[in-house]
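In this text, all values refer to a predicted model and were calculated from it rather than measured experimentally. All chains are named by letter (A, B, ...) in the order of the sequence lines, taking the proteins before the strands, and each is independently numbered beginning at 1.
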Amino acid sequence: QVQLKETGPGLVQPTQTLSITCTVSGFSLTSYYMQWVRQTPGKGLEWMGFIRSGGSTEYNSEFKSRLSISRDTSKNQVFLKMNSLKTEDTGVYYCARGAIMDAWGQGASVTVSS
Amino acid sequence: DVVMTQTPVSLSLAIGQPASISCKSSQSLVHSDGKTYLSWILQRPGQSPKRLIYLVSKLDSGVPDRFSGSGSETEFTLKISRVEAEDLGVYYCWQATHFPLTFGSGTKLEIK
């Protein structure tokens, strides 16, 4: 059974760094792209980037300067790190499987506030 | 960036009525490999998105056949032949042909 679960800090202060982990089961990270998508009140659904099955990454230029996606295949985990957070980054962050996102996690709610 | 424009913004339909949602892209979604990477997802209230249709018209496993997708190039349509109560939520189209991947702004389906 394919499962994806995001875990994150919940609350982050402005200018700080956001770290979210996506833990997967039921498939191998070496066989699938893994994507990050966020949903914010201001912009709706936004694609952030992905890590390919081979480990290379692609980012939305909107976030490129402050976003990093990595993984630990031995732990079945994918990581999102984004620095210089602003209040507009408040939203729900999803990981999704595959180049055309056939399965999504439940999402990690993030509030950026002091 | 490719802009995905969905209409209508909202729909209010009774059980059993048909539904139709339009999605138009600002550029052709035909990839150089010949495929069209247009998908539809449904986000039910309080839930994460769930993919319904990919490559314009292919239904995901477990998706009822009352759902169908069609279109080409820049114009696409999601149809529900007879709306059921479980179909309420927000429907989004999105494209994976061009970087960055982009989403429509959504169509909210309410049940009368």
Side-chain angles (χ1 to χ4, degrees), chain A residues 1-8 20 22-24 26-27 32-53 56-67 69 82 91-110, chain B residues 1-7 9-10 21 23 25 29-63 67 69 76 89-108:
Chain A
Q1 183 183 4
V2 172
Q3 291 188 325
L4 300 84
K5 184 175 182 180
E6 304 89 343
T7 51
I20 301 177
C22 173
T23 303
V24 309
F27 66 97
Y32 287 88
Y33 284 36
M34 287 298 297
Q35 313 249 17
W36 287 97
V37 174
R38 74 176 187 179
Q39 188 168 31
T40 64
K43 292 192 173 184
L45 289 166
E46 288 182 285
W47 173 72
M48 302 183 73
F50 61 64
I51 184 165
R52 293 181 176 88
S53 53
S56 61
T57 54
E58 194 79 38
Y59 299 114
N60 187 336
S61 59
E62 182 78 16
F63 306 102
K64 191 170 185 177
S65 62
R66 58 190 186 116
L67 176 64
I69 297 173
M82 188 163 70
V92 181
Y93 288 71
Y94 297 101
C95 59
R97 184 183 81 158
I100 47 177
M101 297 192 245
D102 64 349
W104 296 60
Q106 64 190 20
S109 181
V110 174
Chain B
D1 297 2
V2 176
V3 176
M4 305 295 287
T5 303
Q6 283 184 240
T7 55
V9 172
S10 64
I21 300 171
C23 174
S25 58
L29 297 186
V30 180
H31 193 272
S32 56
D33 66 6
K35 296 179 181 177
T36 301
Y37 293 95
L38 184 283
S39 301
W40 292 92
I41 56 176
L42 165 61
Q43 187 170 32
R44 295 188 173 100
Q47 296 186 17
S48 59
K50 174 190 172 184
R51 197 179 72 180
L52 302 175
I53 289 172
Y54 62 101
L55 296 175
V56 179
S57 60
K58 296 183 181 298
L59 261 63
D60 272 283
S61 175
V63 175
F67 287 90
F76 305 91
V90 182
Y91 292 81
Y92 298 91
C93 61
W94 69 277
Q95 66 84 22
T97 296
H98 303 282
F99 285 122
L101 284 59
T102 49
F103 294 81
S105 52
T107 296
K108 186 174 184 178

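Heavy-atom pairs under 4.5 Å with chain A were tallied for B:G106, B:P49, B:P100, B:A96; the largest tally goes to B:P49.
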Enumerate, by atom name, each donor-acceptor pair separated by under 3.5 Å where one atom lies in chain B and the other in chain A.
from  : atom 1 : to     : atom 2 : distance (Å)
B:Q43 : OE1    : A:Q39  : NE2    : 2.8
B:Q43 : NE2    : A:Q39  : OE1    : 3.0
B:Q43 : NE2    : A:Y94  : OH     : 3.1
B:S48 : OG     : A:G105 : O      : 3.0
B:R51 : NH1    : A:I100 : O      : 2.8
B:Y92 : OH     : A:Q39  : NE2    : 3.4

Begin from the C-alpha positions of A:M101 and B:L101 and carry the test side-chain contact (heavy atoms from CB on, under 4.5 Å) through to its verdict. CA-CA 11 Å; A:M101 297 192 245; B:L101 284 59; 3.8 Å; yes
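At a 4.5 Å heavy-atom cutoff, the contact between A:A99 and chain B is made by backbone atoms alone. Contacts of A:V92 with chain B are absent, with no heavy-atom separation under 4.5 Å from either backbone or side chain.
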